[in-house]
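Note on naming: letters A, B, ... go to the chains in the order of the sequence lines (proteins, then strands), and numbering restarts at 1 for each one.
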Number of protein chains: 2
Amino acid sequence: MYDFAERLKEAGLKATIQRIFILEVIESYGHATIEEIYEETIKKHPSLSLATVYKNILLMVEKGVLNEVPVTGKKTKYELSKEDHIHLICTSCGKVEDRPYLEDAQQLFSSLSRSEHFALRQQLINLYGLCHACQSA
Amino acid sequence: MYDFAERLKEAGLKATIQRIFILEVIESYGHATIEEIYEETIKKHPSLSLATVYKNILLMVEKGVLNEVPVTGKKTKYELSKEDHIHLICTSCGKVEDRPYLEDAQQLFSSLSRSEHFALRQQLINLYGLCHACQSA
DNA sequence: ATCCTTGCAAATGATTTGCAAGAGT
DNA sequence: ACTCTTGCAAATCATTTGCAAGGAT
């Protein structure tokens, strides 16, 4: 469990109760949509406004506290920022799981970027398919 | 240049003039947003309605004629379906370029999927950074 | 005390829908 | 001819904005 108040201040943002609750919800979900974040956060803080969620998600993405994960055909999800990793996305149940980034893939993409004179900053790797549970059904 | 009429029929869709124009626009753009597609297509076919663009894009994605490319922080783009490839996305000018998928990366992700009991179907690899042109500025 | 943030309500923007008329096979 | 598709207008849903009141440092 993180010290979110500290994390926010480092990013130049005030540590409001709303922001901390939002971050806690995202942490517990792993990946969550705006709507999920809102629905879950108002359980702890009923006066929270949806507009506040939007404003904060945007702000925290901008400040690098959160990371945006667009998901083909579904709503965008948000996760706490961390090192590069791979998303395994189940197209049946919608679950998103993180897997550590493979060293070798890292290498490949870095060298591709270098040879293309492309200044690589961030990468998004989404693998879509069926998770183990959904293959049975 | 593709035979789009044929491509549509294969997918079980009628080859209407609207759909063909839409596909031509996407082909010439490489990657385009709904709005770009609409704005460009009405030049050739002024009576086209925006609702028709939405309906068709959705349908053609579903039928596998088009491929959806979500772009972090920007509007979703659409491309003609083709083999797996890598997107180099410039966060400054917004340009999206395709690069052939690296054999080795293919291997890595396949074997990761296998060991996770994940039935891999599709992959999205977006590399974000600055293109050569934008690095100078 | 100051400046940032919240919550509300309204405005804007994006996407979807229903249906009668028109086009493709 | 039959069925699918279009275009329109309205409905719905998602996101953003302005501003007065409240909260964090």
Side-chain angles (χ1 to χ4, degrees), chain A residues 3-26 32-66 68-78, chain B residues 3-26 32-66 68-78:
Chain A
D3 183 351
F4 291 127
E6 191 48 42
R7 185 80 197 72
L8 285 165
K9 284 182 213 160
E10 279 168 23
L13 298 172
K14 285 186 181 174
T16 67
I17 197 71
Q18 289 88 343
R19 284 172 185 163
I20 290 168
F21 281 148
I22 288 172
L23 290 173
E24 285 176 4
V25 166
I26 295 174
T33 63
I34 297 268
E35 208 189 330
E36 288 167 345
I37 294 164
Y38 174 66
E39 291 302 333
E40 192 66 27
T41 308
I42 54 174
K43 291 182 188 167
K44 292 177 168 181
H45 189 77
S47 72
L48 177 73
S49 130
L50 182 54
T52 296
V53 176
Y54 274 103
K55 285 174 195 167
N56 280 315
I57 296 294
L58 222 71
L59 204 59
M60 293 193 285
V61 167
E62 202 171 278
K63 297 293 188 179
V65 177
L66 292 179
E68 196 175 312
V69 184
V71 179
T72 302
K74 302 256 176 93
K75 289 192 206 151
T76 295
K77 296 198 170 200
Y78 296 87
Chain B
D3 182 351
F4 291 126
E6 192 48 42
R7 186 80 198 71
L8 285 166
K9 285 181 213 159
E10 279 168 21
L13 298 173
K14 286 187 179 172
T16 67
I17 197 72
Q18 290 87 342
R19 284 172 184 163
I20 291 168
F21 281 149
I22 288 172
L23 290 172
E24 284 176 5
V25 167
I26 295 174
T33 63
I34 297 268
E35 207 190 330
E36 287 167 345
I37 295 165
Y38 174 67
E39 291 301 334
E40 192 65 28
T41 307
I42 55 173
K43 291 182 187 167
K44 290 178 170 181
H45 189 79
S47 72
L48 177 73
S49 130
L50 182 54
T52 296
V53 177
Y54 274 102
K55 287 175 194 166
N56 280 315
I57 296 294
L58 222 71
L59 205 59
M60 293 193 284
V61 167
E62 203 170 277
K63 298 291 187 182
V65 177
L66 293 179
E68 196 176 310
V69 184
V71 180
T72 303
K74 304 257 176 91
K75 289 192 207 150
T76 294
K77 296 198 170 199
Y78 296 87

Participant: Starting at CG of A:Leu59 and ending at P of D:dT16, how long is that distance when rounded to a whole Å?
Facilitator: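 The distance from CG of A:Leu59 to P of D:dT16 comes to 12 Å, rounded to the nearest Å.
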Participant: Near DNA chain D, which residues from residues 41-57 of chain A have a heavy atom under 4.0 Å away?
Facilitator: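 Correct list: A:Ala51, A:Tyr54, A:Lys55.
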Participant: Between CD1 of B:Ile22 and OG1 of B:Thr16, what distance do you get to the nearest 0.5 Å?
Facilitator: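 B:Ile22 atom CD1 to B:Thr16 atom OG1 measures 7.0 Å (nearest 0.5 Å).
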Participant: By side chain to side chain donor-acceptor pair (under 3.5 Å), which residues pair with A:Lys44, not counting sequence neighbours?
Facilitator: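 Scan of A:Lys44 (side chain to side chain donor-acceptor pair (under 3.5 Å), adjacent residues dropped) gives A:Glu24.
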Participant: Within this structure, what is the CD-to-P distance between A:Glu39 and D:dC13, rounded to whole angstrom?
Facilitator: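 Interatomic distance, CD of A:Glu39 to P of D:dC13: 14 Å.
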Participant: Is it true that a side-chain atom of A:Glu68 and a backbone atom of A:Thr76 form a donor plus acceptor pair closer than 3.5 Å?
Facilitator: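 No, the answer is negative, given that no donor and acceptor are paired below the 3.5 Å cut-off.
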Participant: Measure from CD1 on A:Ile34 to P on D:dC13 and round the result to the nearest Å.
Facilitator: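 After rounding, the reported distance stands at 18 Å.
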Participant: Between D:dC4 atom C1' and B:Glu62 atom CD, what is the distance in whole Å?
Facilitator: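 It works out to 15 Å between those atoms.
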Participant: Kindly compute the distance separating NZ (A:Lys55) from CZ (A:Arg19), expressed to the nearest 0.5 Å.
Facilitator: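 Nearest 0.5 Å value for the NZ-CZ distance: 10.5 Å.
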Participant: Measuring from atom OH of B:Tyr38 to atom CG of B:Leu50, what distance do you get when rounded to the nearest 0.5 angstrom?
Facilitator: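 Between atom OH of B:Tyr38 and atom CG of B:Leu50 there are 6.0 Å.
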Participant: Rounded to whole Å, how long is the line connecting atom CG of B:Leu8 with atom C1' of D:dC4?
Facilitator: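 These atoms are roughly 13 Å apart.
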Participant: Is the shortest heavy-atom distance from the side chain of B:Ile57 to the side chain of B:Ile26 under 4.5 Å?
Facilitator: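 Counting from C-beta outward, B:Ile57 and B:Ile26 do come under 4.5 Å.
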Participant: Under the side-chain contact (heavy atoms from CB on, under 4.5 Å) test against B:Leu23, which residue among B:Ile37, B:Asn56, B:Leu66, B:Thr41 passes?
Facilitator: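 Of all the options given, the one that passes is B:Leu66.
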Participant: What integer distance in Å separates B:Ile22:CD1 from D:dG7:P?
Facilitator: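 Going from B:Ile22 (CD1) to D:dG7 (P), I get 9 Å.
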Participant: Distance check, rounded to the nearest 0.5 Å: B:Ile34 atom CD1 versus B:Leu58 atom CG?
Facilitator: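 Result: 8.0 Å between the selected atoms.
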Participant: Using a cut-off of strictly less than 4.0 Å, decide whether A:Arg19 has a side-chain nitrogen or oxygen near OP1 or OP2 of D:dA24.
Facilitator: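 So the side-chain polar atoms of A:Arg19 never come under 4.0 Å of the phosphate oxygens OP1 or OP2 of D:dA24.
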Participant: Each nucleotide N or O in nucleotides 22-25 of chain C that has a protein N or O under 3.5 Å away: list the pair and distance.
Facilitator:
{"unit_1": "C:dT25", "atom_1": "OP1", "unit_2": "B:Ala15", "atom_2": "N", "d": "3.3"}

Participant: Rounded to whole Å, please give me the gap between CD1 in A:Ile20 and C1' in C:dT5.
Facilitator: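 So the two atoms are 13 Å apart, to the nearest Å.
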Participant: How many Å lie between CE on B:Met60 and C1' on D:dC4, as a whole number?
Facilitator: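 Whole-Å distance recorded here is 15 Å.
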Participant: Step by step, would you call B:Val25 with B:Phe21 a side-chain contact (heavy atoms from CB on, under 4.5 Å)?
Facilitator: CA-CA 6 Å; B:Val25 167; B:Phe21 281 149; 5.5 Å; no
